[in-house]
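Note that this is a predicted model, so its numbers are computed, not measured. Counting starts at 1 for both ligands and their atoms, in listed order. We're numbering straight along the sequence, starting at 1.
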Amino acid sequence: MTRKELFKNTLRKSVHAWKLINELPLSDDESLMLRHFMDQPGFLDLHWRMFVPAIKGQGTEEQKQKWLPLANKMQIIGCYAQTELGHGSNVQGLETTATFDPQTDQFILHSPTQTSSKWWPGGLGKVSTHAVIYARLITDGKDHGVHGFIVQLRNMDDHSPLPGITIGDIGVKFGNGAYNSMDNGFLMFDKFCIPRDQMLMRLSKVTREGKYVPSDVPRQLMYGTMVSVRQTIVSNASIAMARAVCIATRYSAVRRQFGSQNGGIETQVIDYKTQQNRLFPLLASAYAFRFVGEWLKWLYTDVTQRLEASDFATLPEAHACTAGLKSMTTSATSDGIEECRKLCGGHGYLWCSGLPELFAVYVPACTYEGDNVVLQLQVARFLMKTVSQLGSGKAPAGTTAYMGRAKHLLQCRSSIRKAEDWLNPAMVLETFEARALRMAVSCANNLSKFENQEQGFSELLADLVEAAIAHCQLIVVSKFIVKLEGEIKGKGVKNQLKNLCYIYALHLIHKHLGDFLSTNSITSEQASLANHQLRSLYTQVRPNAVALVDAFDYTDHYLGSVLGRYDGNVYPKLFEEALKDPLNDTVVPDGYHEYIRPLIKQHLRSARL
Ligand SMILES: CCCCCCCCCCCCC/C=C/C(=O)SCCNC(=O)CCNC(=O)[C@H](O)C(C)(C)COP(=O)(O)OP(=O)(O)OC[C@H]1O[C@@H](n2cnc3c(N)ncnc32)[C@H](O)[C@@H]1OP(=O)(O)O
Ligand SMILES: Cc1cc2nc3c(=O)[nH]c(=O)nc-3n(C[C@H](O)[C@H](O)[C@H](O)COP(=O)(O)OP(=O)(O)OC[C@H]3O[C@@H](n4cnc5c(N)ncnc54)[C@H](O)[C@@H]3O)c2cc1C
């Protein structure tokens, strides 16, 4: 499809989905499932996942009563317009202004520079009638920092932009289809006025007289919508990883290369230990991210309930976990999809393998909802704070509870003696805890050598990110282990999941061996025992690998991959797909008479001479 056709078709699908949701009707969970099968970014994502939650989280009761019924019936369509051309990560650096005018009881929204143009918001370019706009609040000449405002963008009769608003699509993005179904947009305000009651006023207010009244709740609650989406992105990482792994696993069982004895059949590539060493840790990651996603959902629900009761104690941890796990799982999934493409050899590069499109649509997850490095630095800040409070009498809780055993973890030596010890959950966990704590403490020690903490922090950024990743990997491993300790239905399933859990953990040790060795969390002998155990686990997973991806229950239609077909009938279908290509509509291609023929005829003439 051309961009225009793709966009229009996505509108068609979205509106049809909305019709089904109402007519059937579908529950919230079922509607999410429908979005999952629609399988295309579109304006509904931003409306439901960001616009509505921003109003719910930051609006007063009156504002919610006014705007939510309209949004819930989709009588208005909204988006989340925070990022600008000049600033995305640095939210405090946004430039759009919202200046209160006491004369008219309005805010005047203005884009003072080119870099202050809103740039990137999904659904903004062509669809949204409204947006939650983040802008610097100015009253009486004083800048109070960034706040949220509900703003109507387009005329409700003919969809034209309201006077004072310049709006459009930012252009084609990475890939062929992929995220191009979405109208990511730009927006500039030219002294555009909105009534005072359209500032989202749950967290702070501006009175009729123009007085700014901050509330006593943390200002970070303004970032709550991002926390909620980051949490869902972790479960989505599992879905995308599982999809790529399903394709690569099934195809690896179909594909044969080398190893034929006496004219017999060749070896299935899935039987090569190199293939297993690349594929099975990704299979394990798909399960691991699913379990940590379930846990994160619980954590998010818990913190939301606490916030409603004005208990803000667990907010920093919820922020660190959602930011860190969003970052870690999306980076691993993007890399994993690309690895799955390579695992499928040349055919993985064909569009009909399903992998190029999956990669193109997935990879912006490393950037949206917070650049992955920027987010790990938030985790690092949280860890440094926690380390600095050790010994103060305040026991670390939640995911940092292990730091409360700092004395032991800083000096303990791993008691792994034989390869099977690596199947002991307590030993594995302690290894990850020791590594994470030692990396965090080492960063804190290095930071303390700087007179200026901020300067030290910026000098040590790379180490801090690595410490944050180590902490996040510990969380994923520990939640997998917790899952195994709970009730798991299905005969034999627990053993399979155990294998995957240890593959996930031991492969991380292998991949980050430098961390584990340099922190003395394990010795090189213990590392080689881990590798030995890993190979044995691969052998155990091998006979069940296809069943473990079939368990994701993806239909062929959803997978959209000739290589990942359930029936394994890959080669005839590759031909079928090739023959569908428009280039094969004619035997002699368009352009032959224009370019090829004159070229070769000229060559023949000169050859005769
Ligand atoms: C198969 C199906 C697929 C479906 C796929 C669907 C996917 C889902 C849909 C996704 C749609 C995506 C569309 C994309 C949308 C967007 O991208 S919206 C824009 C997102 N933008 C960002 O994420 C910006 C990133 N930047 C920030 O979040 C912040 O600016 C910052 C980096 C965190 C820094 O903020 P700043 O105010 O400067 O903070 P600091 O000074 O560093 O910290 C101050 C304290 O505040 C704490 N804090 C920061 N953030 C939060 C938070 N969110 N919650 C709680 N607390 C927070 C921080 O830790 C500091 O605390 P102290 O150290 O204690 O002071
Ligand atoms: C597909 C897509 C959809 C989006 N949808 C929306 C939307 O609906 N609404 C919306 O408001 N926004 C949206 N965005 C914008 C998105 O949230 C931002 O692009 C994102 O937050 C990253 O910000 P940035 O572009 O400013 O990156 P930058 O911060 O400019 O990053 C550039 C580089 O600088 C590095 N960097 C930046 N700061 C630091 C630091 N402090 N320390 C170390 N390194 C640093 C980063 O790691 C990165 O390598 C979308 C983006 C994409 C790609």
Inset, instruction - State the atoms of ligand 1, each with its element, that fall below the 4.0 Å cut-off from a heavy-atom position in G88. - result: 24 (C)
Legend entry - ligand 1 contact on R219 by region, counting heavy-atom pairs under 4.0 Å: side chain
Legend entry - Selected option - heavy-atom contact closest to atom 42 (O) of ligand 1, from M384, Q378, Q92: Q378
Inset, instruction - Pick, from Q82, Q220, M222, E369, the option with the minimum heavy-atom distance to atom 18 (S) of ligand 1. - result: E369
Inset, instruction - Could you tell me whether ligand 1 has any atom less than 4.0 Å away from a heavy atom of P316? - result: no
Legend entry - S89, P364, G123: member with heavy atom nearest to atom 24 (P) of ligand 2: S89
Inset, instruction - Show which atoms of ligand 1 fall inside a sub-4.0 Å distance from at least one heavy-atom site of M50. - result: 15 (C), 18 (S)
Legend entry - ligand 1 to D45 polar contact by distance, N or O atoms, under 3.5 Å: no
Inset, instruction - Number the atoms of ligand 1 from 1 as they appear, then name those within less than 4.0 Å of a heavy atom of V91, with their elements. - result: 24 (C), 26 (N), 27 (C), 29 (C), 30 (O)
Legend entry - From V146, N90, V229, V227 - option closest to atom 10 (C) of ligand 1 by heavy atom: V229
Legend entry - Option of least heavy-atom distance to atom 6 (C) of ligand 1 (set: Q40, H36, R49): R49
Legend entry - Atoms in ligand 1 flagged as close to K385, the criterion being non-hydrogen separation under 4.0 Å: 62 (P), 63 (O), 64 (O)
Legend entry - Side chain, backbone, both or neither: the part of R230 lying under 4.0 Å from ligand 1 by heavy atom: side chain
Legend entry - Element-labelled atoms of ligand 1 that are located less than 4.0 Å from some non-hydrogen atom of Y80: 18 (S)
Legend entry - Atoms in ligand 1 with a heavy atom of V374 nearer than 4.0 Å: 32 (C)
Inset, instruction - Number the atoms of ligand 1 from 1 as they appear, then name those within less than 4.0 Å of a heavy atom of Y368, with their elements. - result: 12 (C), 14 (C), 17 (O)
Inset, instruction - Check if A240 has a non-hydrogen atom at a distance under 4.0 Å from any atom of ligand 1. - result: no
Inset, instruction - Could you tell me whether Y80 and ligand 2 have an N or O pair separated by under 3.5 Å? - result: yes
Inset, instruction - Answer with side chain, backbone, both or neither: which part of V373 has a heavy atom less than 4.0 angstrom from an atom of ligand 2? - result: side chain
Legend entry - Interfacing atoms of ligand 1 (cut-off 4.0 Å, heavy-atom, R35): 4 (C), 5 (C)
